[in-house]
Protein chains: 2
Amino acid sequence: MPAPVLKCCFCCKQIVNLNPVLKTAGFKFGKLYVHTYICVVKLEEAIKSVNFRNQTHKAGLNILYTAWWLKTTMSRELKNFGLTHEQYNVLRILKGKNPEEMCVKDIAGRMIEKSSNVPRIIDRLVLKKLVKRSTDLEDKRHTLMSLTPAGVNILELSTAKINKLFDELIPMDDASASKLNTLLEKVREKEP
Amino acid sequence: MPAPVLKCCFCCKQIVNLNPVLKTAGFKFGKLYVHTYICVVKLEEAIKSVNFRNQTHKAGLNILYTAWWLKTTMSRELKNFGLTHEQYNVLRILKGKNPEEMCVKDIAGRMIEKSSNVPRIIDRLVLKKLVKRSTDLEDKRHTLMSLTPAGVNILELSTAKINKLFDELIPMDDASASKLNTLLEKVREKEP
DNA sequence: AACAAATACATGTACATACATGTAATATAA
DNA sequence: TTATATTACATGTATGTACATGTATTTGTT
């Protein structure tokens, strides 16, 4: 019998056994030993810390942790489509104008992470034939991108999955979500 | 006169002029032309999108964007100390047990981003002589880390700055921050 | 028209993430 | 005790972030 695979089936793969970060319980799945995990909901358990200076300080860490959690959850789903989170974002942005073409700057301005290196993300999408790239003849500095039919197709399939995931995963009514949005915008109220 | 540096002084460096993502206004600073920026507070402006399926969907994107904004803001401050965000995190975690030593797994379990590659972050801190590394003689699989005096010093200085930044930046009372924490934990309530 | 300035983006580097795999050390079981 | 399982971590690869710089193209000025 091969050595059992002792790996957390989703996150925290480096922390495999009996680590208090996780409430773990293993089970066998065919020839695999799969780690079930329950990622912890309370921030204090998640990062093993209770020493926050105040609730605002805790909120900062909570935002960072929740973003990581969300990104990881989505990435796991996107992996089934051979897409990374950022590649999916670019496809989604292109879809917004489809079948119109968009230049790098337009795409960059719509990215969530503003320091993304859009040309290189496009490189990978072009390799997978999900995006096609051409030069603008009106202004040759512009590189114009648009979705291929394969790109449209994979985006539709993956978006359906992601939306389903979101709806099932986050048990939140519109009023609470609205409140959350207001509070997050309050965090960003003062600009540095 | 040299070509003016047309660069956003903080974020969105790729989007320099008249981009609606930013409400820009330039000014001269010595020989530099510096871009002042006002990063947009409303998510709709920040990512130029209004088509959210519902408030929960918007909240997901809002969390991701706010986390990016927060990380970028902190990183800018940490750059003055020659530290990255992740290197700072590791120092902070080591400080929690100082002068006790910690192994890789202990540190990893306390990281906000659970998939961080702790040994390599440590590599860089050791190079800067902020952390020292040794092998546990009781269990030679363990690598033990602790802060050097220089590490303690730089952590104190940078933490003072980061705390000050936090307090001045985020205009939020304890009650609102508490509400925010509750809502973020509600987002993570169901585990995938 | 000719030159300078500005723009758009490609590309290079250091660091980080996400994940797979290799290796030495320890724990457990036959 | 010896073989096997398990752990801890180092290391390799692909991708992404953050930022600096190079280059072709366009715009603005004289």
Please check if A:Leu144 and A:Leu94 belong to a single hydrophobic cluster, counting links between Ile, Leu, Val, Met, Phe, Trp and Tyr side chain heavy atoms closer than 4.5 Å. no

When you measure from the side-chain N and O atoms of A:Thr143 to the phosphate of C:dA10, is any distance below 4.0 Å, counting only OP1 and OP2? yes

Which sits closer to the 5' end of DNA chain D, A:Arg120 or A:Lys140, going by the nucleotide each is nearest to? A:Arg120

Are the side chain of A:Thr66 and the backbone of A:Ile63 linked by a donor-acceptor contact shorter than 3.5 Å? no

With respect to the side chain of B:Asp139, which nucleotide from D:dT26, C:dC9, C:dT26 is positioned closest? C:dT26

Return yes if some donor-acceptor pair links the side-chain N/O of A:Thr148 with the main-chain N/O of A:Lys129 below 3.5 Å, else return no. yes

Per nearest nucleotide of DNA chain C, the residue lying toward the 5' end, A:Asp106 or B:Glu113, is A:Asp106

Have a look at B:Arg124 and say if it touches a base, only the backbone sugar-phosphate, or nothing, with a 4.0 Å heavy-atom cut-off. sugar-phosphate

Any salt bridge linking A:Lys71 with A:Glu113? Criterion: basic side-chain nitrogen under 4.0 Å from a carboxylate oxygen. yes

Calculate the interatomic distance between A:Asn117 atom CG and C:dT17 atom C1'; express it in whole Å. 16 Å

Nearest whole Å is fine: how far is C:dC15 P from B:Lys79 NZ? 12 Å

Which of these nucleotides, D:dA10, C:dT11, D:dG16, is closest to any side-chain atom of A:Pro119? C:dT11

Atom CG of B:Leu125 to atom C1' of C:dA16: distance rounded to whole Å? 13 Å

When the distance from CD1 of A:Ile122 to C1' of C:dA8 is rounded to whole Å, what number comes out? 14 Å

Using distance alone, with no hydrogens and no angle criterion, decide if B:Asn181 and B:Ser178 have a side-chain donor and acceptor under 3.5 Å apart. no

Using whole Å, report how far CZ of B:Arg141 lies from P of C:dT23. 18 Å

Selected nucleotide, minimal atom distance to B:Gln87 side chain, candidates C:dC15, C:dT17, D:dT25: C:dC15

The side chain of A:Ser116 lies closest to which of these nucleotides: C:dC15, D:dA10, D:dT17? D:dT17

Which residue, B:Asp123 or A:Lys71, contacts DNA chain D at a nucleotide closer to its 5' end, judged by nearest heavy atom? B:Asp123

What nucleotide among C:dA16, D:dT25, C:dT26 has an atom nearest to a side-chain atom of B:Ile121? C:dA16

